[in-house]
Amino acid sequence: MNSPRSFPPSPAQAAALALVLIALSFIGGYGYGVGIRNKAPDGTLITPGATPKALKSPPIVKGLRSSPDDKYVALTAVYDGSRLAARIIVDLKNGTSIEAQTPPGWQDYITQWSADGKKILFERERIPRPVADATAGLYATKLQAEKEGKTPVATEPELLTQGVDVPGEKIIAGFWTPNNNLVLKTRREPKSLWEISATGQHLIDRAGVNFQQHRAVIENGKTVFYTVRDVPGGANPGSGGVAALFRVADGKAKRLSDDLSGAVWVYLEDHAHYMMVCRQGEGGDWQWTIYGVAAQGAKILKTARVPGDIGAVYWSLDGKRVLGSGGQSLWIVDIPSLQARRLTQRNNWNADDACWLDKENAILVAAKGVLSKVTLSGATREIWRFSDDYWR
């Protein structure tokens, strides 16, 4: 049987064929440079047969701390697969930054600003990576006098724990008291708190296994400490047992609260006027209990259910609100009602860290390599972002 003969198409047939091919290009995503193409995770189009470009990961922010006047924010940046770290101070007005690389194999965790906003306290600790020659301990770096319109310069870090001797102990953390004395926390069990002052080194308190929170406040002209720690002789003493709130003054500890059984975390407000206790709730939510705290004791004010999306909490300076972050959204929780509301419509924050800008009644959020300022009305503005050097 002979095959049919093939003839050149007529002009009308050619036009019809072209329309069919264009239609196929839209359906199949190929030919004629048009149609539906595959997209990389960052939204860019991928040409068929091409290899998608590798996406760079943003640095991780830890220890985000705003200065007392809200002019600056200090942070620790961890990047390059947690192999490198840096200390960064950002001028929130003009978006400039002071950046100091941490020795390889070490991280400098920003702990606190001094009350005058001139110094930053940070903890230097090794990480499981090849290590450069450096010394663990508590350091401070100072902002030199600033010139009009210029970002100040940070001095070389000063090791504050040089010569401090806590027999048989390793210092792992610390903070400044309101009168600028340094408080040290030790690693081994039983853990202890020590105050370094002009008169020497003084033991504040001990915990069998864990100190959960500490606040130093001035009462009647004297420094008093509020600590959440293990109850001596409590249940399961070898695993930390049950915690409670204590007030420590003149070397004597007074218990203020009942047993904080089942607490996932406990958070003292900066001035120790309130204490928040978080426990597992129902349906994936949390159960928060807020206490009013005084020198005579701690009293339960309210227990309520709050969104399980909250993974980290930050107390405003006036003690009236808590910022909840760490999950998909940002939340504001009013004190003491514990009523929660979502701060913005955005639901993909996954914030690394956050802090309050108390003088502006706003917050600062570090997420995906960007610092964003968010007002309590939900208005959001990008303040600063990491340079390409930190994206690996």
Pair Arg255-Asp259, side chain to side chain contact (heavy atoms under 4.5 Å, CB included): steps then yes or no: CA-CA 10 Å; Arg255 180 170 172 167; Asp259 288 351; 2.3 Å; yes
Under 3.5 Å, which donor-acceptor pairs do the side chains of residues 288-301 form with other protein atoms, sequence neighbours left out?
residue : atom : partner : partner atom : Å
Thr289  : OG1  : Thr303  : OG1          : 2.9
Tyr291  : OH   : Asp258  : OD1          : 3.1

Under-4.0 Å salt bridge between Lys56 and Asp388: no
Aromatic Tyr139 / basic Arg124 pairing, under 6.0 angstrom, 45° off normal: yes
Distance-only donor-acceptor check, side chains Ser197 and Glu195, under 3.5 Å: no
Lys142 NZ: over 12 foreign heavy atoms closer than 6.0 Å: no
Expected list for residues 264-274: side-chain donor-acceptor pairs under 3.5 angstrom, two or more places apart:
residue : atom : partner : partner atom : Å
Glu269  : OE1  : His271  : N            : 3.3
Glu269  : OE1  : Ala272  : N            : 3.2
Glu269  : OE1  : His273  : N            : 2.8
Glu269  : OE2  : His271  : N            : 3.4
Glu269  : OE2  : His271  : ND1          : 3.1
Asp270  : OD1  : Arg215  : NH2          : 3.4

Sequence neighbours excluded - ring pair (Phe, Tyr, Trp, His ring centres under 6.0 Å) pairs with any residue from residues 176-222: Phe175-His214, Phe211-His214
Counterpart residues, side chain to side chain donor-acceptor pair (under 3.5 Å), relative to Asn180 (two or more places apart): none
Cationic N near anionic O, under 4.0 Å, Glu123 to Lys185: no
Under 3.5 Å, which donor-acceptor pairs link side chains of residues 326-333 to any protein atom two or more places apart or in another chain?
residue : atom : partner : partner atom : Å
Gln328  : NE2  : Asn350  : OD1          : 3.0
Ser329  : OG   : Arg342  : NE           : 3.1
Trp331  : NE1  : Asp309  : OD2          : 3.0

Exercise: do Thr102 and Asp108 side chains pair donor with acceptor under 3.5 Å: yes
Test salt bridge (Lys or Arg N to Asp or Glu O under 4.0 Å) applied to Arg206 - qualifying residues, sequence neighbours left out: none
